[in-house]
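Here is the structure we will look at.
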Protein chains: 2
Amino acid sequence: MPAVSDCIEMLDSETKAVETPEDHAEELRLWLRLLTCTTLIEGEVRGRLRQRFDVTLPRFDLMAQLDKAPDGMTLSDVSKRMMVSNGNVTGLVERLVESGHLDRRTSETDRRVQVIRLTKLGRAEFRRMAAEHETWIADLFADLTPKDVRELMRLLAKTKASAQKSAARRKP
Amino acid sequence: MPAVSDCIEMLDSETKAVETPEDHAEELRLWLRLLTCTTLIEGEVRGRLRQRFDVTLPRFDLMAQLDKAPDGMTLSDVSKRMMVSNGNVTGLVERLVESGHLDRRTSETDRRVQVIRLTKLGRAEFRRMAAEHETWIADLFADLTPKDVRELMRLLAKTKASAQKSAARRKP
DNA sequence: GAAAAACATTTTAGGCTTAAAACAATTTTG
DNA sequence: CAAAATTGTTTTAAGCCTAAAATGTTTTTC
C-alpha cells in the first residue's frame, strides 16, 4: 500500500481511490535481479560450451530436449518446450541435421508433421557435453545450501504460475 | 552427498573417493526453472512493448540505463551494465540515434570515448513506457506476497554472488 | 462432400547477438 | 620519449530470434 504522503492527491471528493499510482518498485527490482542472475549464468554456460565443445547454447538446448524424448518430437513440441518461435526451430534443426546430429523425417500419419530425433552421433556428443555441463551448473550454484535450493525452487514455481496466469489474462 | 548406493563403485582399495560422479540434478532443475521464469516474463514484456509502443525490448533496456544517468554514459558503461557485447551496443545506439531518441558525442577529454544521452524525446517516451511497464511487472508477480518478494530477492542475491564467484574462478 | 477453419511448418524481413579481429587513442613501461 | 600494453569502439561473419505472411495438410462444419 502507498504511504499516506503519497496518497494525498489520490483522494477525490468522495474519499475513494481515483487514479492510484501504486508503488511497484520492489517487484521491478525483483524482476531486474532475476534477469541479472539468468543473464549471468546463461553467458557463463554459453562461453564454456563454446570453448570446450565449440557448440552454441541453442543447439545444446535443442539436443537436451531431444535426449529426453527417445521416440523423437515434432517441431511444434520443441518450439513449445523451448519457448521459442516456430521459425527459429526450423533453422536450428536445419543446421543440426546438416552437421549430422539430428535426423528429420515426415510423419507417416500426418504429412504436415516433421519428427526429429538425435542421431547416434548426436546422442553421444550430447551426453558427453551434458555430463560436464551439470558440473558447471553445480559450481555456479555452489554457495547455495540445499535448503536455499529447495526454497528457490518453491518460490520460482510460484513465480512461474503467477506469470502464466498474468499472461493468460492478456490473451484469452 | 551421494546416497550410499550410488557410492559403491567410487570406493577404491583405500576407501577414498576416486572419481565421484556426484548428483547435481537439483541444481540443474533449479537452473532450468530459473530460465523458464525469465524466458516467460521476458517474452511477455517483449510482446507488450511491441504491441503498445512498437518498441523492442533491447531498445527499452538501453533507454532504461540512460534514464538513470542524466549526465550520459559511455558505450562501455552501457555494455557492462546490460551485460551484452560491445558490438551489440554499437548497433543498438546507431538505431536509437537515427530515430531521435539518443544523442551521441565524442568525449572532450578522451577521443576514444563516445558519450550517449537520452534526448528530450527519448526521455519523454521512455518515461511514458516505463510507467506502464511497471504495472505489467507488478501484474506478472501479483501472486507473490511481500514476504515472497523479499525472500526471492535475498536468495537471488546469494545466487548472483555465487555465480559471479564461479565465473571469476574460471577467468582470473 | 465441399467450404471453412485449424494446424504444422517454412519463408520473409528485419533486428539482435556474439566472438574475434581491426582500428584508433591513451597510458604504461623500459 | 619511443615501444608496448591497454582501453574504447567499430567492423565482420555467422548465427539466433521474432512476428507475420505464405504454403501445404488435415479436420471440422454446414
For [X], is the [atom1] atom crowded, meaning more than 12 foreign heavy atoms sit under 6.0 Å from it?
X        : atom1 : value
A:Arg117 : CZ    : yes
B:Lys160 : NZ    : no
B:Arg29  : CZ    : no

B:Arg170/A:Asp139 salt bridge by N-O under 4.0 Å criterion
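Result for this pair is no, no salt bridge flagged.
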B:Glu44/B:Arg48 salt bridge by N-O under 4.0 Å criterion:
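Looking at B:Arg48 and B:Glu44, the cut-off is met.
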Over all atoms of both residues, closest heavy-atom pair of B:Ser85 and B:Ser79:
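Taking every non-hydrogen atom into account, C-OG, 3.8 Å.
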Considering heavy-atom distances to DNA chain C, does B:Leu92 or A:Glu94 have its closest nucleotide positioned more toward the 5' end?
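Checking each residue's closest nucleotide, the 5'-ward one belongs to A:Glu94.
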C:dT18 phosphate, OP1 or OP2: any side-chain N/O from B:Asn88 under 4.0 angstrom?
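True: B:Asn88 side-chain N/O within range (under 4.0 Å) of C:dT18 OP1/OP2.
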Can you tell me if B:Arg111 touches the phosphate of C:dT26, counting only side-chain N or O atoms and a distance under 4.0 Å to OP1 or OP2?
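Result: yes.
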Spacing of [X] atom [atom1] relative to [N] atom [atom2], expressed in whole Å:
X       : N      : atom1 : atom2 : result
B:Met83 : C:dC16 : CE    : P     : 19 Å
A:Glu42 : C:dC16 : CD    : P     : 18 Å
B:Glu98 : C:dG14 : CD    : P     : 15 Å

Of residues 45-69 of chain B, the positions that come close to DNA chain D - non-hydrogen atoms, cut-off under 4.0 Å
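Heavy-atom contacts with DNA chain D come from B:Arg50.
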As a test of reading the structure: which of D:dG15, C:dT18, D:dT18 is closest to the side chain of B:Val84, going by heavy atoms?
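When the side chain of B:Val84 is considered, C:dT18 is the closest of D:dG15, C:dT18, D:dT18.
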Using nucleotides 7-9 of chain C, report all nitrogen or oxygen pairs with the protein that are shorter than 3.5 Å.
| residue | atom | partner | partner atom | Å |
| --- | --- | --- | --- | --- |
| C:dC7 | O2 | A:Arg112 | NH1 | 3.0 |
| C:dT9 | OP1 | A:Leu75 | N | 3.2 |
| C:dT9 | OP1 | A:Gln114 | N | 2.9 |
| C:dT9 | OP1 | A:Gln114 | O | 3.2 |
| C:dT9 | OP2 | A:Ser76 | N | 2.5 |
| C:dT9 | OP2 | A:Ser76 | OG | 2.4 |

Intermediate values then yes/no, salt bridge (Lys or Arg N to Asp or Glu O under 4.0 Å), A:Arg95 and A:Glu98
CA-CA 5 Å; A:Arg95 288 183 288 271; A:Glu98 167 68 25; over 6 Å; no
When B:Leu75 is tested against each of B:Ile116, B:Val113, B:Asn86 for side chain to side chain contact (heavy atoms under 4.5 Å, CB included), which residue passes?
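One option only clears the test, and that one is B:Ile116.
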